[in-house]
Amino acid sequence: MSGPVAQSHPEGPDAGRLRRHDVFPVPVWTIDCAHLAEVLPELVDGVDRSLAAHTVPDVIGSMTRNDLQSLEGAGWDLYRSTVEGVCDAIAQGFSPPWVERRSFTWGIRYDSSDEFEDEEHALHSHARATLTSAMFISVPTVGGGDDSSAGALVLRNPQNHLLRRYGMDTYVHVPPVPLSMVVFPGFLEHFPQRPTIPGAFDVPRTLLVTDVHYY
């Protein structure tokens, strides 16, 4: 991720690896979730099973319902505690302090570059969420797996319409690295970059997304 980076030191699970990136007027955080490697097959299988049972219609790629937070198993328990621990660490500075938290998780799988749409149609936000996390759990390997070949997660500066007048870069590309999690305010617009890998992928491009609501 490009832009200035400041190391944060919040308390809570996984806080030591949490990094704050001041690339926009609002911060973005990243964290290496390598500790989830041992449960990765369980997470991928959970998404695949959920998609086999039901796929949300009229969306880009294949999307599960936003109820994966209810899946049982050691892997899902570890994933949930990781996301909530990271977001709680970020939320320490909220004012007034939060008293209730709710989270909703879903999976998105892309099996081919043909499933992607241009920015105009793919750009969206999760405006009702306080924080949104996204983590790649599988990434195509053909083409080297860099930003363009596998398709980065692209975040757009909330001051885009102002800054573009002065020719300034208003986008940040989050590389598609397995078990790398990015957390950002839910209102931040974003979209999946169309991969340069033609046709079907050798490995699906799959993400776990969690919206966390603080009250």
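Asp211 and Ala129 make their closest contact through CG-CB, 3.5 Å (heavy atoms, listed as atom of the first residue, atom of the second, distance). Here the closest non-hydrogen pair linking Tyr110 and Pro192 is OH-CG, 3.6 Å. Taking each heavy atom of Thr64 and Ser50 in turn, the nearest pair found is CG2-CB, 3.8 Å. The two residues Leu153 and His190 come nearest to each other via the heavy atoms CD1-CD2, 4.1 Å. Nearest heavy-atom pair, Ala91 versus Tyr214, reported as atom, atom and distance to 0.1 Å: CB-CZ, 3.8 Å. Nearest heavy atoms, Phe24 versus Arg156: CZ-C, 3.8 Å.
By the neighbour-count criterion of 12 heavy atoms within 6.0 Å, atom CZ of Arg101 is densely surrounded, having more than that number from other residues, nucleotides or ligands. Summarising the local packing, CZ of Arg80 is surrounded by more than 12 heavy atoms from other residues, nucleotides or ligands at distances under 6.0 Å.
From Tyr79, atom OH reaches atom CD of Glu84 across 10.0 Å, with rounding to the nearest 0.5 Å.
Under the 4.5 Å side-chain criterion, counting only non-hydrogen atoms from C-beta, Val47 is in contact with Leu208. Using a 4.5 Å heavy-atom cutoff, the side chains of Pro25 and Gln159 are in contact. Counting heavy atoms from C-beta outward, Tyr171 and Phe191 have side chains that approach closer than 4.5 Å. The closest side-chain heavy-atom distance from Phe201 to Val139 is not below 4.5 Å. Annotation: side chain of Val174 is not in contact with side chain of Val154 (no heavy-atom distance under 4.5 Å). Residues Ser180 and Asp32 are not in side-chain contact: their nearest non-hydrogen atoms beyond the backbone lie 4.5 Å or more apart. In this structure, Arg19 and Ile31 have side chains that are not in contact, with every pair of non-hydrogen atoms separated by 4.5 Å or more.
Counting only distance, with no hydrogens or angles, the side chain of Gln69 and the backbone of Thr105 share a donor-acceptor pair below 3.5 Å. Of the possible donor and acceptor atoms, none in the side chain of Thr210 sits under 3.5 Å from a partner among the backbone N and O of Ser133. With Thr30 contributing its side chain and Val182 its backbone, the two residues share no donor-acceptor pair below 3.5 Å. Of the possible donor and acceptor atoms, one in the side chain of Glu115 sits under 3.5 Å from a partner among the backbone N and O of Asp111. The backbone N or O of Gly75 sits less than 3.5 Å from a side-chain atom of Glu42, completing a donor-acceptor pair. Counting only distance, with no hydrogens or angles, the side chain of Gln193 and the backbone of Gly151 share no donor-acceptor pair below 3.5 Å.
Checked against the 6.0 Å centroid threshold, His213 and Phe104 count as a close aromatic pair. Ring centers of Phe187 and His126: at least 6.0 Å apart, outside the cut-off. Checked against a 6.0 Å centroid threshold, the rings of Trp106 and His54 do not count as neighbours.
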Does the pair Ile137 and Leu207 meet the rule for a side-chain contact (heavy atoms from CB on, under 4.5 Å), with working shown?
CA-CA 6 Å; Ile137 58 174; Leu207 299 92; over 6 Å; no
Show the numbers, then the answer: is there a side-chain contact (heavy atoms from CB on, under 4.5 Å) between Leu78 and Val39?
CA-CA 8 Å; Leu78 183 58; Val39 300; 4.3 Å; yes
Test side-chain contact (heavy atoms from CB on, under 4.5 Å) on Val86 and Val183 and set out the steps.
CA-CA 9 Å; Val86 167; Val183 181; 4.1 Å; yes
